[in-house]
Student: 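Take this structure, written in C-alpha cells, and hold onto it; I'll ask about it next.
Here is how names work: the chains are called A, B, and so on, in the same order as the sequence lines, proteins then strands, and each is numbered from 1.
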Amino acid sequence: MESEKVLCVAEKPSVAKEIAKILSGNRFVMRNSRINYIKNYEFKCQLNSKEVQVIITSVCGHINALDFPSQYAKWESCSPTVLFDAPIIKKTIDENAECIRENIFNIAHSVSHLMIWTDCDREGEKIGSDIVDICRMANSDIVVSRARFSAIIPPQIKQAWESPVQLDMNQAEAVNTRMELDLRIGYAFTRYQTLGLRQIFPELGNGILSYGSCQFPTLGFVVERYKAVENFVKEKFWKIHVVVDRDDTIVNFNWDKGVLFNVNCCNAIYCDLMMDQPVIATVVEVVTKETRKYKPFPLTTVELQKAGCRFLHISSAEIMKIAEDLYNKGFISYPRTETDQFDHQFNFKDLIQAQSQDPRWGDFASSLLDKRITTRKGKHNDQAHPPIHPVQYATGLTGKEKTVYEFVVRRFLACCSDDAKGNETTVKIKIKEEYFTAKGLVITENNYLDVYPYDRWSDKNLPNFILNETFTPKECTIEEGETTPPEYLTEAELINTMDKNGIGTDATIHEHIKKIIDREYVEKQDLGNKTYLIPSNLGLAIVEGYDSIGFNESLTKPLLRAKMEQNLKEICEGTREKNDVLTENVNKYRDMFLVTHNNLQLLIGGSRDVGENDIQGTRGSRGSRGSRVSKRGGRGRGSRGRAGRGFTSARGRGRGRGRGRGSNDGSYDNEPLNID
DNA sequence: GCAAGGTC
C-alpha cells in the first residue's frame, strides 16, 4: 500500500527549506513551482513509526487581502462614511499569490494530511487558516494539523513534527478583524481628509493626506516632541561646585543636593560654607567597588533599526532593506524578529568559528572558542525566529552592506563575550553640613568592548584620597545655570517610542516612519551632527486640528490603537466575538468621523479665527523651515482666506467651482459633503 | 490614489 502523503506549508521559502533539511536529514528532492523563489521539497520521513511521504512548500506572507467591491473604487463614487458599512470582499493579493495558491491547491489533491508550518504568531494563524481554505477546496477530506515550534532548530522542529496541535481560529479571527477595521477606517478618513483639504488648498495638488491607525500616532509622537521643544520655558538654577587639585589632577566634586531653583536658598548655604576661612573639607567616604558595563542583548529588529540610526547613520527603512539583502544572500539570519534571547540549544561555536578568519575581529572570535558561551536573556520571544546573527562568513561586501554586516557580526560576538569590568571609586567630602561627591573609574577588563566599538566606556582618573583626611579645596564656587530644552525627536527615539507603545510591528515600524515622511507630514533635518524628525507645517496643522476637536480618545495618540489591540487580544482569548468587536469599533470611528465633520473649522484652522487665519497664517513664523505647502509655493497668499470654506466633497462641487459659502462668516454648511 | 500586515 502506498504510504500516506503529508503536505507541509511554511510562511516563507527560507523556513520551508530549513524544515525540509532538518526532517529529511538533507536528503530531499527539490522541485520548482511557477514562482522561482517558491520550491517544493519532497522526501520520506517517519511519523508515529510509519513512513510517510512529505512535500514541504511555502507561501510568501499573506495570500489574501480585503477590499471593497469595484463600485467603491473611485474616490468620488460614494461618501467616505459609506465605507464604514460597505460590503467587503476577500481577494488574492496579486498574481504571485495566485500562483502560490495554485501550487498548494494542486498538491492538496493528492495528499491526505496538511500540516501548517506558518510562524507561531497571530498573523501566522491567519495565513495558516487561508492555506487550509485552499486545501479544503481541493480536497474536502484533508486532515489538518498545525506544527508549533519555538525556533527553527532540529530538536524543536522534530518535536513539532511529532506532536502537532490545531490551528487557533481565534487568532485568525483577530487578524480578520484587524484587517477589516484598518481598511474601513483608513480608507474613510484618508479619502475624507484628502478630498476635503484639496478643496481648501489646491496647491496640495494630487498629494494624499492619509490617515492610518499607526501612521497618525507616529506623526503624533513627532509633533508632541516638537511642541515640547518649542514651548519649552527655561528655568534658572544654582549649585555649589567644589574643585580640588591633587597630584596635578583636577577633580570636580558635585554637590549631593544637585541644583536648587531658589537663588536665595543657594546663596544662604554658600555664604554659610564660606564664612570660616580657609574652607576645610573632610573626606568622609572612600569606596572602591567592582562595576560592570553590561554587554548588549541579542539583536532584535527594533534594536537593529535603532543602532542603524544611531551608530551607522542609516535610516530604519534603508537598514531593513540592507538586512533583507544580506539575509537573502545567506549571510545573516532572518532580520524580522522580536526575540532577544538565544535558545539554550543554539549552536554558537560553529558560527563564532566561521568569523575567526576575519582580519578585523577574527582574533577576538578565536578567543571565544575555548570559553563557555553565555548570553544575556531579554524578555521577548516571538517563538519563531532567533535573534539576528551572522550565519556565514561574508567576504567581498562593500559600502553599507559591509557596514551592516560588520555591525551584526560585532554585536553577535559582543553578546557571546563577557561584560566589561572595572573598579569605580567614590570619594565623598563634607564641608560643614554639605556633601560633595567625585567618582573615578579604572577599567580592568574590556571584554566585549574590544569587539563592539559602538559602546563607549572610559577610564576616569581619580587621585588618592584617604578617609578622614582634611584639605582646602582649590575652588568652592556658586554657579548659575539654566535648564535646556529637550532635543527634537531622532529616528532611533521614535522607533523606541513606537515599539513601547505598540504602534506597528518589528516588520512595519520603519514603513510607518517612511510613510509620514513620504506624505510630507514630517521631514528629516540635520542639526549639528544629528538628524532629527521635524513636523512640516502640514503635519503640525493636521495634528493640531484633530487635537483641537478634543476627542475623548485622540486620533493622534497611541491609546486608540492600543485599545483596538486589546480588543483583538480578547478575541484571541475567546472572551469576545469578532462581530462584537467590529461593531463596537466601526461605531466608535464612525462617531469620530461625524464629530470631525461637524467640527471642520477646528480641523482646518483650529480655534484660531477660522476664515481669517488659515493654517499657514498661524504657522507663519515657521514657514522658513520649508514645509510641504510653502515648498510648493504660494501657499501663504494663495490659500489665505480660503480656509473657512470647510471640507467639501469633490462631488457636486468641483475644484474652483465652489460657491464659497461659509468662507468669511464663520458658518459651516456640512451638507455638501454628502456623507449620508 | 487610500490602511496595516505578511514577505521576495
Side-chain angles (χ1 to χ4, degrees), chain A residues 10-17 33 35-39 58-68 72-78 80 83-84 86 88 92-97 99-100 118-119 121-131 171-172 174-198 204-218 301 320-321 323-325 327-329 334-336 382 384-385 498 502-512 514-516 518-519 555 561 564-565 568 585 589 650:
Chain A
E11 187 164 319
K12 44 189 155 281
S14 61
V15 171
K17 187 176 180 185
S33 76
I35 305 243
N36 62 4
Y37 51 84
I38 302 281
K39 310 286 185 192
S58 78
V59 292
C60 192
H62 279 290
I63 310 161
N64 295 323
L66 301 180
D67 200 358
F68 294 104
Y72 299 91
K74 277 209 174 307
W75 286 35
E76 292 82 4
S77 67
C78 66
L83 300 178
F84 285 110
I88 278 183
T92 310
I93 284 180
D94 54 20
E95 272 184 24
N96 279 359
C99 292
I100 291 168
T118 49
D119 292 357
D121 56 22
R122 207 166 71 186
E123 303 291 330
E125 298 302 306
K126 156 68 181 167
I127 295 168
S129 78
D130 286 346
I131 295 167
Q171 292 195 48
V175 172
N176 286 327
T177 310
R178 174 192 63 68
M179 286 175 144
E180 184 170 336
L181 288 173
D182 284 338
L183 178 74
R184 290 189 186 284
I185 299 161
Y187 273 36
F189 274 93
T190 297
R191 287 186 186 185
Y192 182 71
Q193 286 179 176
T194 305
L195 295 178
L197 278 178
R198 273 189 202 159
L204 291 173
N206 289 324
I208 290 170
L209 306 189
S210 58
Y211 169 84
S213 57
C214 286
Q215 49 178 283
F216 255 46
T218 305
T301 305
M320 285 313 294
K321 170 87 179 53
E324 279 155 20
D325 287 348
Y327 162 70
N328 288 324
K329 289 178 184 170
Y334 189 65
R336 291 189 278 267
D382 63 18
H385 307 289
M498 292 172 72
I503 298 300
T505 67
D506 53 354
T508 61
I509 281 178
H510 71 278
E511 292 174 9
H512 300 309
K514 186 169 180 298
K515 180 146 282 172
I516 60 172
D518 289 347
R519 294 277 186 248
L555 285 163
R561 179 79 194 181
M564 191 196 288
E565 280 294 326
L568 299 180
N585 279 276
Y589 279 92

Student: Only counting residues at least two apart or in another chain, list the ones meeting salt bridge (Lys or Arg N to Asp or Glu O under 4.0 Å) with A/Arg122.
Tutor: A/Glu565
Student: The criterion is salt bridge (Lys or Arg N to Asp or Glu O under 4.0 Å); which residues satisfy it with A/Asp182, sequence neighbours excluded?
Tutor: A/Arg178, A/Arg561
Student: Can you list the residues that meet the salt bridge (Lys or Arg N to Asp or Glu O under 4.0 Å) rule with A/Glu11, with sequence neighbours excluded?
Tutor: none
Student: Identify, with sequence neighbours excluded, every residue that meets ring pair (Phe, Tyr, Trp, His ring centres under 6.0 Å) alongside A/His62.
Tutor: none
Student: Using the ring pair (Phe, Tyr, Trp, His ring centres under 6.0 Å) criterion, which residues pair with A/Tyr187? Sequence neighbours excluded.
Tutor: A/Phe68
Student: At under 4.0 Å between heavy atoms, which parts of nucleotides 1-7 of chain B does protein reach? Answer with one letter per nucleotide, 5' to 3': B base, S sugar-phosphate only, - none.
Tutor: BBBBBBB
Student: Have a look at A/Asn96 and say if it touches a base, only the backbone sugar-phosphate, or nothing, with a 4.0 Å heavy-atom cut-off.
Tutor: nothing
